[in-house]
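The block underneath contains the structure these notes are about, expressed in structure tokens.
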2 protein chains.
Amino acid sequence: MRTSYHDIKAIVLTRIRENIWPPGANLPGEIELAKEFGCARATVNRAMRELVDEGILERKRKAGTKVKSYPTRRALFSIPIIREEITNTGAKYRYVLIERKIMPAPGWLRARLEVKKDQPILHLQCMHYAGPNPYQLEDRWINLAAVPNAADNDFEDMGPNEWLVREVPFTEGELVFSATNASNEVANFLNTSDGTAVFTVERTTWLDKISVTYARLYFARDHKMLTRL
Amino acid sequence: MRTSYHDIKAIVLTRIRENIWPPGANLPGEIELAKEFGCARATVNRAMRELVDEGILERKRKAGTKVKSYPTRRALFSIPIIREEITNTGAKYRYVLIERKIMPAPGWLRARLEVKKDQPILHLQCMHYAGPNPYQLEDRWINLAAVPNAADNDFEDMGPNEWLVREVPFTEGELVFSATNASNEVANFLNTSDGTAVFTVERTTWLDKISVTYARLYFARDHKMLTRL
DNA sequence: TAGTGGTCTAGACCACCCC
DNA sequence: GGGTGGTCTAGACCACTAA
């Protein structure tokens, strides 16, 4: 069997680990490596490109390829549908709509979504349960100018998250993770006490520069978000 | 100019967005698409592979390519060196070692790192400041069986994070994000009050199945971690 | 301006896996 | 069994950019 791009990646990683190519070092060019490994340049190229994707190498035309001095490790999160996230743990998923109201955007939201005054916004509050336990409180705002048909949905049976993912594409998104002390209201919904540290995610999405939705997600006490490198 | 794999990706995304290929739909085979776009199959292949990487499509041999029913969006975090993270904001970075001690691993850590009883562990506590403000409290445990030369370093001038990234490669890593209520000690270091919700990251890394280090990072009040999709 | 990576091609063989 | 994607090749031209 010939040298595959997998093999090449492994070899390169080994050489880096063994300090044959220490951080900052320049690697030979693709043609030379192809000769060494006895394969086509395209094969070397693919291996190298993937190592760049993985944050191990840096490449610049003319300058060549070098080992990153501080390998930028990157963590990959998949953003799951909450129903699947819960169902996958074996628990039963339950969704409850708490409130649904069409209203003009409050000031802080106007700023965030860049919508004009009096522009109608659909505001939803919902709870997601895993079995008997509260899992997440969702506070969602949908820009009806961007998604007019959201107004036709009563969201009694399906969470807005799920509906949006299926119905409304987006071109850009932002995620912000933080920790907040639960307000009295949040604590009640999440079945915990005032001031409990709550893992919080804010999510905003845009479709071609037009803001689609902003959501604040409060997770139950002791929620952990896990990822592998 | 010929159709590039960038163009193909854009076209496919557009067709998905316009519901020409709705979620779950099967796409034509690579050969057919290559014919349609007037390019080589390899070009189509690359476009499709990248769309799989981005969580838009699913492919299976023989079955073909289809649009994911629930496109799994993925967020990419780069894990920066804390010094660079702070310096990049324009603030001055300051590092202080609080404690350094070699000790046997406590029980909870033995379980986590899978190390034997009485195996020596280097325990470090340090603070990272952004200008005058506390930025992060680092509680770090280094497995000296995996990294013996860590014992030679006094870590007075350089944080263990930075040292490890430069000196010790790893093959696997785990990140856990959560929110915790600050203990009295943590609150004091972070210049806040008891019980404040603190964004917390736990990080564990392994080198070829051998655990290297475990760290618990407590960020200052109101810290936000941001990422784009 | 010359060297390096970036991309494309036309063809080939193979591995997997649904039917 | 046969169709689909996975991968590789040998060669080509191009784009960027460091020297």
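So you know, we letter chains A, B, ... as the sequences are listed, proteins then strands, and number each from 1.
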Check: Atom NZ of K66(B) and atom P of dG5(D): how far apart are they, to the nearest Å?
Finding: 13 Å
Note to self: Without decimals, in angstroms, what is the distance between E50(A) CD and dG6(C) P?
What the structure shows: 13 Å
Note to self: Distance check needed: dG5(D) P versus L51(B) CG, whole Å only.
What the structure shows: 14 Å
Note to self: Is the phosphate of dG6(D) approached by R59(B) (side-chain N or O, under 4.0 Å from OP1 or OP2)?
What the structure shows: yes
Notebook entry, point to check: Of the residues in residues 22-35 of chain B, which ones touch DNA chain D at a heavy-atom distance under 4.0 Å?
Noted result: G29(B), E30(B)
Checklist line | R61(A) side-chain proximity, nearest of dT9(D), dG3(C), dC17(C) | finding: dG3(C)
Next item on the list: Evaluate the side-chain proximity of R203(B) to E174(B): yes if any heavy-atom separation is below 4.5 Å, no if none is.
Entry: no
Next item on the list: Starting at atom CG of D7(B), determine the distance to atom P of dG6(C), rounded to an integer number of angstrom.
Entry: 18 Å
Note to self: Can you see if the side chain of T65(B) gets near the phosphate of dG5(D) - specifically, an N or O under 4.0 Å from OP1 or OP2?
What the structure shows: yes
Notebook entry, point to check: Would you say the ring centroid of Y214(A) lies under 6.0 angstrom from that of W108(A)?
Noted result: yes
Check: With respect to the phosphate group of dG6(C), does any side-chain polar atom (N or O) of N45(A) fall under 4.0 Å of OP1 or OP2?
Finding: yes
Margin query: Return the CG to CE distance between N153(B) and M158(B), rounded to the nearest 0.5 Å.
Written below: 7.0 Å
Next item on the list: May I ask you to evaluate whether Y5(B) reaches the phosphate of dT7(C), defined as a side-chain N or O under 4.0 Å from OP1 or OP2?
Entry: yes
Note to self: Over all strands shown, is R41(B) touching base, sugar-phosphate only, or nothing at heavy-atom distances under 4.0 angstrom?
What the structure shows: base
Check: K62(A) has an atom NZ; how far is it from atom C1' of dG5(C), in whole Å?
Finding: 12 Å
Check: Below 4.0 angstrom, N of the basic side chain to O of the carboxylate: do R15(A) and E36(A) qualify?
Finding: yes
Check: Nearest-Å distance, NE2 (H6(B)) to C1' (dG6(C))?
Finding: 10 Å
Notebook entry, point to check: Between dA18(D), dT7(D), dT9(C), which nucleotide has the shortest distance from any of its atoms to the side chain of C39(B)?
Noted result: dT9(C)
Check: Within less than 4.0 Å of OP1 or OP2 of dT9(C), is there a side-chain N or O belonging to T43(B)?
Finding: yes
Next item on the list: May I ask you to check whether H128(A) and Y95(A) place their ring centres under 6.0 Å from each other?
Entry: yes
Check: Does the pair E202(A)/K224(B) count as a salt bridge with the N-to-O cut at 4.0 Å?
Finding: yes
Next item on the list: Take R49(B) and K60(A), find for each the nucleotide of DNA chain D with the closest heavy atom, and name the residue whose nucleotide sits nearer the 5' end.
Entry: R49(B)
Notebook entry, point to check: So, for F170(A) and W206(A), is the gap between ring centers shorter than 6.0 Å?
Noted result: no
